Engineer: 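Next up is a structure, given as structure tokens.
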Amino acid sequence: MLDLKAIRSDPEGVLARLRRRDPTLDLGPILALDEERRELQKRVDDLRRRQNEGSERLASLKGGNPAEREALLAEMKDLAADRKAAEERLAQVEQELEARLLELPNLPHDSVPSGTKEEKIVLRTVGEPPKFDFPPRHHLELARNLGLLDMDRAAKTTGARFPMYVGQGARLELALIRWMLELHAAEHGYTPVLPPYLANRTSFFVSGQLPKFGDELYHCPTDELFLNPTAESLLANLHRDEVLEESQLPLKYAAFTPCFRREAGTYGEEQRGLIRMHQFHKVELFHYTVPERSYAALDELVGHAEAVLTKLGLHYRVSLLTAQDLAYQSAKTIDLEVWLPAQGRYYEVSSCSNCEDFQARRGNIRYRPQAGGKPRFVHTLNGSGVATSRLFAAILEQNQDPQGRVVLPPVLAELLGQEVLGSAGNPR
RNA sequence: GGAGGGAUGGGUGAGUGGACGAAACCGCCGGUCUUGAAAACCGGUGAGCCGCAGGGCUCCGUGGGUUCAAAUCCCACUCCCUCCGCCA
């Protein structure tokens with residue numbers, strides 16, 4: 001949520017920044033509603049004041065002149081009725097204003113380039129794409145042949161685009177998850193979290209999925225709960241309505257959850273294999289920081305996510321998203337994209353964002369400055385560290401051999417106790 | 001699922017219709033004392049809206065209601081705790 005005061009004090013400036021992200025955005029209705037709200041508020045305040053004064057007089061009049069008392073009582077009844085009417089209109093205007101404000105996305109940071117999704121800036125490329133003297137196989141083919149995935153039976157039990165990891169596939173997936181969580185906890189100073197996988201409506205308003213992106217969420221209407229689409233939603237609500245001490249900051253959490261997304265729409269080739277699933281696994285990193293530190297924290301966060309890829313020896317690149325490509329709640333986003341040889345392109349496995357005070361404002365998450373003064377909103381950052389269904393796909397494709405086996409990177413070979421997937425003795 | 005209890009400021013917690021934005025304690029800030037710190041003592045210290053300001057207004061889980069007037073009375077809901085039942 002944007003700061004209404006900031007909008008009011010510089011509407012043109014705010015609008016210009018918003019339009020870098022979406023040229024169709026408009027502030028007119030919000031400004032008009034704000035104006036109306038303030039007028040109504042003044043009227044209600046004034047009626048209230050008169051009522052408060054009358055009440056005091058009435059209390060002091062006890063046992064006094066009955067006629068005077070009677071007259072005052074009649075006057076007070078009118079006042080109460082007027083106030084009630086004004087309050088009702090005020091409530092309507094406030095509701096409308098709130099709804100419109102909740103629909104506005106965050107302002108892009110000045111360091112974010114203008115442009116469309118396709119115009120993102122590749123900041124650096126790490127490692128080299130592996131060279132194959134044979135046509136690299138698709139991870140789906142590799143996984144099927146090696147008995148790592150059973151997509152057909154997943155389709156039978158659940159439907160298309162749900163993964164079923166089996167055998168060594170299940171072991172590999174779990175090993176990756178556990179290894180990433182340990183890496184962030186032990187080496188990067190994160191507190192590990194296993195949050196609930198469902199959350200209530202309020203939580204998704206705070207994180208920004210609602211009201212605009214409800215279509216993406218799986219909804220359980222009997223209990224009014226939603227399935228977690230990313231642990232960001234949960235972690236952004238951990239300290240909702242709290243006033244933290246500055247000395248506690250930064251708070252850094254690493255959560256593992258499955259992620260559930262309806263992915264309404266079609267995505268062509270991405271629907272094949274593990275690229276775009278309704279359910280995938282992700283270790284999510286989240287920071288609560290003071291505003292002054294949040295952009296330094298973004299760089300650190302990207303580094304923590306990158307460590308996963310470099311330690312696995314994967315080829316990937318780092319991109320800065322343009323204003324039009326930013327997620328709704330983000331002021332600046334840096335993506336990590338891993339190379340999938342069979343597709344001949346890079347796919348996002350991590351998206352690291354600074355949401356500044358956008359989520360903090362929605363969730364009323366503040367901290368008390370050490371130097372004294374009023375509580376201020378914290379800045380929140382999130383990033384995948386990283387999403388594993390795609391990581392799994394990249395490991396298979398980048399490490400395949402001519403026989404269709406997978407030579408595991410040393411880190412994973414140690415975790416699984418074997419160097420090659422598909423070698424003799426591999427349970428099928 | 002059944003029965004009961006509860007929700008008050010950064011924290012604990014008192015407060016059952018009119019001077020209550022709210023006792024007390026803790027925490028935090030400032031001061032006295034001290035070479036310095038601690039302790040002790042003194043003072044200050046909730047959040048937000050409107051206004052240039054004086055100032056006004058709101059907020060005691062959420063939403064409604066009663067009343068001239070609600071933290072306080074009534075209704076509904078949410079969450080937490082205890083006990084019983086069921087269950088991995």
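Lettering follows sequence order; numbering is per chain, from 1. Everything numeric in this text was worked out from a predicted model, so none of it was measured.
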Engineer: Classify the ring geometry of A/Y253 against A/Y288: parallel below 30°, tilted from 30° to 60°, perpendicular beyond 60°.
Structural biologist: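 Correct class here is perpendicular.
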Engineer: How is A/R43 classified with respect to the nucleic acid when contacts are heavy atoms under 4.0 Å: base, sugar-phosphate, or nothing?
Structural biologist: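 No contact at all - A/R43 keeps every heavy atom at 4.0 Å or more from the nucleic acid.
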Engineer: Relative to each other, are the rings of A/H304 and A/H188 parallel, tilted or perpendicular (30° and 60° limits)?
Structural biologist: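 If you compare the ring of A/H304 with that of A/H188, the planes turn out parallel.
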Engineer: How long is the line joining OH of A/Y367 and P of B/C28, in whole Å?
Structural biologist: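 In whole Å, B/C28 P lies 19 Å from A/Y367 OH.
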Engineer: Which part of the nucleic acid does A/Q51 contact within heavy-atom distance under 4.0 Å: base, sugar-phosphate only, or nothing?
Structural biologist: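 Since only primed, P, OP1 and OP2 atoms lie under 4.0 Å of A/Q51, the category is sugar-phosphate.
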Engineer: Atom pairs under 3.5 Å, N or O on each side, protein against nucleotides 7-11 of chain B: can you list them with distances?
Structural biologist:
from: B/G10; atom 1: O4'; to: A/R368; atom 2: NH2; distance (Å): 3.1

Engineer: At 4.0 Å (heavy atoms only), tell me whether A/R8 reaches a base, stays on the sugar-phosphate, or touches nothing.
Structural biologist: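 Since only primed, P, OP1 and OP2 atoms lie under 4.0 Å of A/R8, the category is sugar-phosphate.
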Engineer: Within the pair A/K5 and B/C49, is there a side-chain N or O less than 4.0 Å away from OP1 or OP2?
Structural biologist: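 So the side chain of A/K5 is within the cut-off, an N or O lying under 4.0 Å from OP1 or OP2 of B/C49.
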Engineer: When the distance from CG of A/D223 to P of B/C77 is rounded to whole Å, what number comes out?
Structural biologist: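 Computing the A/D223:CG to B/C77:P distance gives 16 Å.
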Engineer: Assuming nearest nucleotide by heavy-atom distance, tell me which of A/E53 and A/M76 is located more 5' along RNA chain B.
Structural biologist: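 On the 5' side of the pair lies A/E53.
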Engineer: Within the 4.0 Å heavy-atom criterion, would you say A/D46 contacts the bases, only the backbone, or no part of the nucleic acid?
Structural biologist: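 Nothing, no nucleic acid heavy atom in range.
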Engineer: Dot-bracket for RNA chain B, please. Rules: Watson-Crick or G-U, both distances under 3.5 Å, ( ) within the strand, [ ] when a pair crosses earlier ones, | for another strand, . otherwise.
Structural biologist: (((((((..(((.....[.....)))((((((.......))))))(((((....))))).(((((..]....))))))))))))....
Engineer: OP1 or OP2 of B/C57 sitting under 4.0 Å from any side-chain N/O of A/N52?
Structural biologist: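 So the side chain of A/N52 is within the cut-off, an N or O lying under 4.0 Å from OP1 or OP2 of B/C57.
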Engineer: Closer than 4.0 Å, any side-chain N/O of A/R37 to the OP1 or OP2 of B/C50?
Structural biologist: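 Looking at the OP1 and OP2 atoms of B/C50, one of them is under 4.0 Å from a side-chain N or O of A/R37.
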Engineer: Do any of residues 194-207 of chain A sit with a heavy atom less than 4.0 Å from RNA chain B, and if so which?
Structural biologist: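 Going residue by residue through residues 194-207 of chain A, none turns out to have a heavy atom under 4.0 Å of RNA chain B.
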Engineer: Under 4.0 Å between a side-chain N or O of A/K77 and OP1 or OP2 of B/C68?
Structural biologist: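 So the side-chain polar atoms of A/K77 do come within 4.0 Å of the phosphate oxygens OP1 or OP2 of B/C68, strictly under.
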Engineer: Using the C1' atom in both, what is the distance from B/A24 to B/U35, to the nearest Å?
Structural biologist: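 My reading of the C1' atoms in B/A24 and B/U35 gives 37 Å.
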Engineer: Looking only at atom C1', what distance separates B/U8 and B/A3, rounded to whole Å?
Structural biologist: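 Each nucleotide's C1' atom is 27 Å from the other's.
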Engineer: Quick check on RNA chain B: between A/E56 and A/V44, whose nearest nucleotide comes earlier from the 5' end?
Structural biologist: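 Looking at RNA chain B, the more 5' nearest nucleotide goes with A/E56.
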Engineer: To the nearest Å, how far apart are A/E88 CD and B/G65 C1'?
Structural biologist: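 Atom-to-atom, A/E88 to B/G65, this comes out as 13 Å.
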